**Student:** 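Pasting a structure here, questions to come.
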Amino acid sequence: MILEARGVTVRFGGLTALKEVSLAVPPGSIVGLVGPNGAGKTTLFGVLSGILLPDSGSVLLRDRDVTGSTPQVRARAGLARTFQRTELFSDLTVREHLVLAHHARHTRPRLWRDLVGIGPRGTPAEVEELLAVLGLEEVSDRPARSIPLGTGRLVEVGRALATDPVVILLDEPSSGLDVHETEQLAATLLTAREQRGVALVLVEHDLDLVLGMCDRVDVLDFGEMIASGPPEVIREDPTVRAAYIGDEALL
């Protein structure tokens, strides 16, 4: 497995946010993580990315135990993450976001040096390729504050891909997007998986998106993993229907 959580438990005071939760991500796969609000999805992402330390259990990245490792160590080992809210630097251009991410993974200069000389002539070939794959060439020199939300989501995906990851954690990437933008995002993620072999873990409330593009879906409810399997099995699982999907969503 490229990424694993084994028996992870997280407590906040008297509240158990996760109880012995396990998750496994094969290389190059797309895994969906769904469940009601408060089920523990974001907490699990925090544990996987190194923001939260579990009370018990372990996290493995490329067969290496990284349970106590910082987010920076995990990033250098090939884990990238996007967040539920768009997190972009408003004054930096689309191109600069991707170049900085590329430099952060492949070089270790100071941040101000990264910003010097960024432009079409100073852009690494890998970043130029990403701009083309993501359809961002026309807006590459526009500042982030001037692009729409859907484009911003693609920039976040591009920034994650620019770090040359083996797995990306995507926290509600379709949040705030319309149908067309969601379809464009899904196509981009599938292309990234196909061309780069990167694995994706998707926390998402858009069930059509999850069931349509994921190889496997894991379902959390009240901090416990209640089901795991291919989309067609999850769709028909009576436990999942009762806890989350509901019969009306299956019509």
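None of the values given here were measured: they were computed from a predicted structure.
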**Student:** A side-chain contact here means heavy atoms from C-beta on lying under 4.5 Å apart; do Pro27 and Val166 qualify?
**Tutor:**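 With C-beta onward as the side chain, the pair stays apart.
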**Student:** What distance separates Thr151 OG1 from Leu185 CG, expressed to the nearest 0.5 Å?
**Tutor:**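 Taking OG1 in Thr151 and CG in Leu185, the distance rounds to 11.0 Å.
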**Student:** I'd like to check Cys214 versus Leu202 (side-chain heavy atoms, cut-off strictly below 4.5 Å). Are they in contact?
**Tutor:** yes
**Student:** So how far is it from Arg193 CZ to Leu200 CG, rounded to the nearest 0.5 Å?
**Tutor:**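 CG of Leu200 is found 7.5 Å from CZ of Arg193.
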**Student:** Between the side chain of Glu183 and the main-chain N/O of His180, is any donor-acceptor distance below 3.5 Å?
**Tutor:**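 A pair under 3.5 Å: no.
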**Student:** With rounding to the nearest 0.5 angstrom, report the CG to CG distance, Leu33 to Leu220.
**Tutor:**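 Those atoms lie 5.0 Å apart.
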**Student:** Going by the rule side chain to side chain contact (heavy atoms under 4.5 Å, CB included), which residues pair with Pro143 if we only count those two or more places apart in sequence or in a different chain?
**Tutor:** Arg145, Ser146
**Student:** Would you say that more than 12 heavy atoms from the other residues, nucleotides or ligands in this model lie under 6.0 Å from the CD of Glu194, or not?
**Tutor:**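 Counting other residues, nucleotides and ligands, CD of Glu194 stays at 12 neighbours or fewer.
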**Student:** Does the side chain of Glu236 come within less than 4.5 Å of Arg241's, by heavy atoms?
**Tutor:**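 In contact.
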**Student:** Which atom names give the shortest non-hydrogen contact between Ala192 and Leu161, and what distance separates them?
**Tutor:** CB-CD1, 3.9 Å
**Student:** Given the rule that I, L, V, M, F, W and Y join up when any side-chain heavy atoms are under 4.5 Å apart, are Leu209 and Leu207 in one cluster?
**Tutor:**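 Leu209 clusters together with Leu207.
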**Student:** Determine, using the 4.5 Å side-chain heavy-atom cutoff (strictly less than), whether Leu190 and Val25 are members of one ILVMFWY cluster.
**Tutor:** no
**Student:** Look at the side chain of Lys41 and the backbone N and O of Val219, then say whether any donor-acceptor pair between them is shorter than 3.5 Å.
**Tutor:**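 Side chain of Lys41 to backbone of Val219: no pair is present.
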**Student:** Using every non-hydrogen atom in the two residues, find where Gly176 and Leu149 come nearest and quote the distance to one decimal.
**Tutor:**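 Closest pair (atom of Gly176, atom of Leu149, distance): O-CD2, 3.4 Å.
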**Student:** Would you check if the side chain of Arg62 reaches a backbone N or O of Ala77 as a donor-acceptor pair within less than 3.5 Å?
**Tutor:** yes
**Student:** Do you know which two heavy atoms are closest between Leu61 and Ile2, and how far apart they sit?
**Tutor:**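 So the two residues come closest at CD1-O, 3.4 Å.
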**Student:** Charged N to carboxylate O under 4.0 angstrom, Arg153 versus Glu156?
**Tutor:**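 Judged by the 4.0 Å cut-off on N to carboxylate O distance, Arg153 and Glu156 do form a salt bridge.
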**Student:** Would you kindly confirm whether Leu170 and Leu88 end up in one hydrophobic cluster when ILVMFWY residues are joined by side chain heavy atoms under 4.5 Å apart?
**Tutor:** yes
**Student:** Do Ser49 and Arg74 come close enough that some side-chain heavy atom pair is under 4.5 Å?
**Tutor:**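 No; the side chains remain at least 4.5 Å from each other.
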**Student:** For residues Val47 and Thr67, determine if any side-chain heavy atom of one lies less than 4.5 Å from a side-chain heavy atom of the other.
**Tutor:**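 Answer no - side chains too far apart.
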**Student:** Below 4.5 Å, heavy atoms only, C-beta onward: do Glu87 and Arg159 meet side chain to side chain?
**Tutor:** yes
**Student:** Only one of Leu136, Thr93, Leu134 passes side-chain contact (heavy atoms from CB on, under 4.5 Å) with Val155; say which it is.
**Tutor:** Leu136
**Student:** Find out if a path of hydrophobic residues (ILVMFWY) with successive side-chain heavy-atom gaps under 4.5 Å connects Val66 to Val10.
**Tutor:**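 Looking at the clustering, Val10 is in the same group as Val66.
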**Student:** Measuring from Leu3:CG to Asp63:CG, what's the distance to the nearest 0.5 Å?
**Tutor:**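 The CG atom of Asp63 is 11.0 Å from CG of Leu3, to the nearest 0.5 Å.
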**Student:** Would you say the side chain of Glu172 lies within less than 4.5 Å of the side chain of Val203, judging by non-hydrogen atoms?
**Tutor:** yes
**Student:** Can a donor-acceptor pair be found, under 3.5 Å and without considering hydrogens, that links the side chain of Thr9 to the backbone of Glu20?
**Tutor:**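 At least one qualifying donor-acceptor pair exists.
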**Student:** Using every non-hydrogen atom in the two residues, find where Ser58 and Asp65 come nearest and quote the distance to one decimal.
**Tutor:** CB-OD2, 4.1 Å
**Student:** Do Arg81 and Pro71 have side chains that get closer than 4.5 Å, going by heavy atoms?
**Tutor:** no
**Student:** May I ask you to decide if Ile30's main-chain N or O and Asp215's side chain share a donor-acceptor pair within less than 3.5 Å?
**Tutor:** yes
**Student:** Compare every heavy atom of Pro165 with every heavy atom of Val198, then report the nearest pair and how far apart it is.
**Tutor:**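 Closest heavy-atom pair between Val198 and Pro165: CG2-O, 3.8 Å.
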**Student:** What distance do His102 atom NE2 and Leu100 atom CG have between them, rounded to the nearest 0.5 Å?
**Tutor:** 11.5 Å
**Student:** Side chain to side chain contact (heavy atoms under 4.5 Å, CB included) for Arg95 and Glu128? Distances and angles first, verdict last.
**Tutor:** CA-CA 9 Å; Arg95 182 189 303 278; Glu128 291 288 4; 3.1 Å; yes
**Student:** Backbone N or O of Gly32 within a donor-acceptor pair of the Glu204 side chain at under 3.5 Å?
**Tutor:**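 A pair under 3.5 Å: no.
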**Student:** So which atom in Phe12 and which in Ala17 form the shortest heavy-atom distance, rounded to 0.1 Å?
**Tutor:**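 Reported closest heavy-atom pair: CE1-CB, 3.5 Å.
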**Student:** Quick one: do Asp55 and Thr16 satisfy side chain to side chain contact (heavy atoms under 4.5 Å, CB included)? Show the steps, please.
**Tutor:** CA-CA 10 Å; Asp55 291 283; Thr16 300; over 6 Å; no
**Student:** Check for a donor-acceptor pair, side chain of Ser29 on one end and backbone N or O of Ala199 on the other, with a separation under 3.5 Å.
**Tutor:**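 Not confirmed, Ser29 side chain does not pair with Ala199 backbone.
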**Student:** As a test of understanding, state which of Val201, Leu52, Ile51 forms a side-chain contact (heavy atoms from CB on, under 4.5 Å) with Phe45.
**Tutor:**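 Filter result, single survivor: Val201.
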**Student:** May I ask whether Val167 and Leu60 are part of the same hydrophobic cluster, defined by side-chain heavy atoms of I, L, V, M, F, W, Y residues being less than 4.5 angstrom apart, directly or through others?
**Tutor:**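 Val167 does not cluster with Leu60.
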**Student:** Can you tell me how far apart CZ (Arg196) and CG (Leu130) are? Round to the nearest 0.5 Å.
**Tutor:**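 Here the interatomic distance stands at 4.0 Å.
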